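Scope of the values below: all heavy atoms of this structure, side chains included, with no hydrogens, waters or symmetry mates. Every chain is numbered from 1, with letters handed out A, B, ... down the list of sequences. Given the structure is predicted, the values throughout are model-derived calculations rather than measurements.
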2 protein chains.
Amino acid sequence: MAFTFSLSNSSGVPYYRQIVNQVIFGVANGMLKPGERLPTVRQLAVDLQVNLNTIAKAYSELEIRGVVNTQQGTGTFVSERNPELHPEEKQKEIERLCGRFLDEIAAMGLHSREVISTLTTIIQERTKKDTEGR
Amino acid sequence: MAFTFSLSNSSGVPYYRQIVNQVIFGVANGMLKPGERLPTVRQLAVDLQVNLNTIAKAYSELEIRGVVNTQQGTGTFVSERNPELHPEEKQKEIERLCGRFLDEIAAMGLHSREVISTLTTIIQERTKKDTEGR
DNA sequence: TGTATTGTAATAGTTATCTATGACAATACT
DNA sequence: AGTATTGTCATAGATAACTATTACAATACA
């Protein structure tokens, strides 16, 4: 299965950051192998219907963080040895994500346990939809 | 217990929107009674350490949506009869919130059921902290 | 050597959110 | 009547995240 990118415009998370996250977690989950080539900036820009600069910004950050190696004229590749996102860090990232979500809930005066039940319901629905889709 | 506002700067949700949401849900949850007075724009700006205009923008949107009545020189009050946020709408809003959260999770290639366990753990920790705090 | 493909960079413009500041207008209060 | 308090408005500026466009530079490849 090939690794694919996707963007959500409703989450409030900037596009370039979504791409950065997807690569980092893609590597952490073994869906992106060291040495594997990422789409060209132009191609991904077309695929995601986003500006070239947005992709370039994401790749540039990934380069700085050592997640990928880029070579002008050649392409962008997943680093051979990836220093980033040890299991603990991955867990921390998940916790940050959850924390923000709970903050939002709390700000609305909602009870988290009620929201969880909605959450699980939606998950069930989506899982069902995915299964049917095959 | 008096109704209090709080802002999170890490959620990506604009301040003015957080305030709007808190009032709407505060009303829906009965924590804000019809006729009840909201803090003045200046006071709330000081409390939340945010610019006056940001509060004014939130109140203005609430006024337009019929959630509050404002009178220059007098103050801002929760509408006597509030048309907004019937139970179904409240549920829809929760679902939107959950949907965005799940989108973020999916974008990172995380499995939602694993995240849920982290979520419940954090909730337990926070509940514990709140209980100890009393 | 030429040509296409890669990433990079510069510039300009848009939109949303927020800050800072100062002024104005309606109401309440003494 | 005068003064303080309320919400409102206008202007200017900052920042972040984009889009659009054009050009340049390094590499690959025929």
Side-chain angles (χ1 to χ4, degrees), chain A residues 5-23 32 35-80 100 103-104 107, chain B residues 5-23 32 35-80 100 103-104 107:
Chain A
F5 291 87
S6 68
L7 292 182
S8 154
N9 63 353
S10 67
S11 65
V13 182
Y15 292 158
Y16 80 92
R17 183 139 309 284
Q18 293 183 44
I19 295 168
V20 168
N21 285 339
Q22 284 173 44
V23 172
L32 283 173
E36 187 171 342
R37 180 182 193 162
L38 295 182
T40 71
V41 288
R42 283 175 180 80
Q43 186 56 53
L44 192 50
V46 170
D47 289 349
L48 299 180
Q49 297 186 46
V50 129
N51 193 273
L52 176 156
N53 299 328
T54 305
I55 310 295
K57 185 174 182 181
Y59 279 13
S60 161
E61 178 168 331
L62 287 165
E63 165 78 38
I64 290 168
R65 291 171 68 168
V67 181
V68 303
N69 298 120
T70 59
Q71 274 222 325
Q72 198 165 332
T74 309
T76 302
F77 303 84
V78 177
S79 292
E80 286 300 334
R100 285 207 302 266
D103 283 346
E104 271 193 84
Chain B
F5 291 87
S6 67
L7 293 181
S8 153
N9 62 354
S10 66
S11 65
V13 181
Y15 291 158
Y16 80 94
R17 184 139 310 284
Q18 292 182 43
I19 294 167
V20 168
N21 284 339
Q22 284 173 43
V23 171
L32 282 173
E36 186 170 343
R37 180 181 195 166
L38 295 182
T40 71
V41 289
R42 284 175 180 79
Q43 185 58 52
L44 192 51
V46 171
D47 289 350
L48 299 180
Q49 298 187 45
V50 131
N51 193 272
L52 175 155
N53 298 329
T54 305
I55 310 295
K57 185 174 182 182
Y59 280 13
S60 162
E61 179 169 331
L62 287 165
E63 165 77 39
I64 290 168
R65 291 170 68 166
V67 181
V68 302
N69 298 119
T70 58
Q71 273 224 327
Q72 199 165 330
T74 309
T76 303
F77 304 85
V78 176
S79 293
E80 286 300 335
R100 284 208 303 265
D103 283 346
E104 272 193 82

Does A/E61 pair with A/R65 as a salt bridge, N-O distance under 4.0 Å?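 Looking at A/E61 and A/R65, the cut-off is met.
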Using 4.0 Å as the upper bound for N to carboxylate O, is an ion pair formed by A/E104 and B/R100?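 Looking at A/E104 together with B/R100, the answer is yes, because their closest N to O distance falls below 4.0 Å.
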What is the distance from [atom1] of [X] to [atom2] of [N], rounded to the nearest Å?
{"X": "A/L52", "N": "C/dA12", "atom1": "CG", "atom2": "C1'", "answer": "16 Å"}
{"X": "B/R42", "N": "C/dT21", "atom1": "CZ", "atom2": "P", "answer": "14 Å"}
{"X": "B/L62", "N": "D/dG7", "atom1": "CG", "atom2": "P", "answer": "13 Å"}
{"X": "A/E61", "N": "C/dG7", "atom1": "CD", "atom2": "P", "answer": "17 Å"}
{"X": "B/L48", "N": "C/dC18", "atom1": "CG", "atom2": "C1'", "answer": "14 Å"}
{"X": "A/N69", "N": "C/dG7", "atom1": "CG", "atom2": "P", "answer": "13 Å"}
{"X": "A/E63", "N": "C/dA9", "atom1": "CD", "atom2": "C1'", "answer": "15 Å"}

Output the single nucleotide from [options] whose closest atom is nearest the side chain of [X].
{"X": "A/T54", "options": "C/dA9, D/dC18, C/dT27", "value": "D/dC18"}
{"X": "B/N51", "options": "C/dT6, D/dA17, C/dT19", "value": "C/dT19"}
{"X": "B/Y16", "options": "C/dT6, D/dT21, C/dT17", "value": "C/dT17"}
{"X": "A/R37", "options": "C/dA28, C/dG7, C/dT6", "value": "C/dT6"}

Heavy-atom nearest nucleotide on DNA chain C for B/N53 versus A/L38: which residue maps closer to 5'?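 Its nearest nucleotide being more 5', the pick is A/L38.
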For [X] and [N], is the shortest distance between a side-chain N/O and OP1 or OP2 below 4.0 Å?
{"X": "B/T76", "N": "D/dG7", "answer": "yes"}
{"X": "A/K57", "N": "D/dA17", "answer": "yes"}
{"X": "A/T74", "N": "C/dG7", "answer": "no"}

What distance separates B/T54 OG1 from B/Y16 OH, expressed to the nearest 0.5 Å?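 Here the interatomic distance stands at 10.5 Å.
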Judged by each residue's nearest nucleotide on DNA chain D, which is more toward the 5′ side, A/Y15 or A/G73?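 The residue whose closest nucleotide sits nearer the 5' end is A/Y15.
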Taking for each residue the nucleotide of DNA chain D with the nearest heavy atom, is it B/G75 or A/Q72 whose nucleotide lies nearer the 5' end?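 So the residue in question is B/G75.
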Could you give the angle between the helix axes at the two ends of the helix from C/dT1-D/dA30 to C/dT30-D/dA1, with five pairs per end, rounded to 10 degrees?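 The angle separating the two end axes equals 0°.
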So, does [X] use its side chain to make a donor-acceptor pair with the main chain of [Y] at under 3.5 Å?
{"X": "A/E63", "Y": "A/T70", "value": "yes"}
{"X": "A/R17", "Y": "A/A58", "value": "no"}
{"X": "B/S8", "Y": "A/D103", "value": "no"}

With a 4.0 Å cut-off on heavy atoms, is A/S60 in touch with a base, just the backbone sugar-phosphate, or nothing at all?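 Contact class for A/S60: none.
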Can you find a heavy atom in the side chain of A/F77 that is under 4.5 Å from one in the side chain of A/L38?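 Not in contact.
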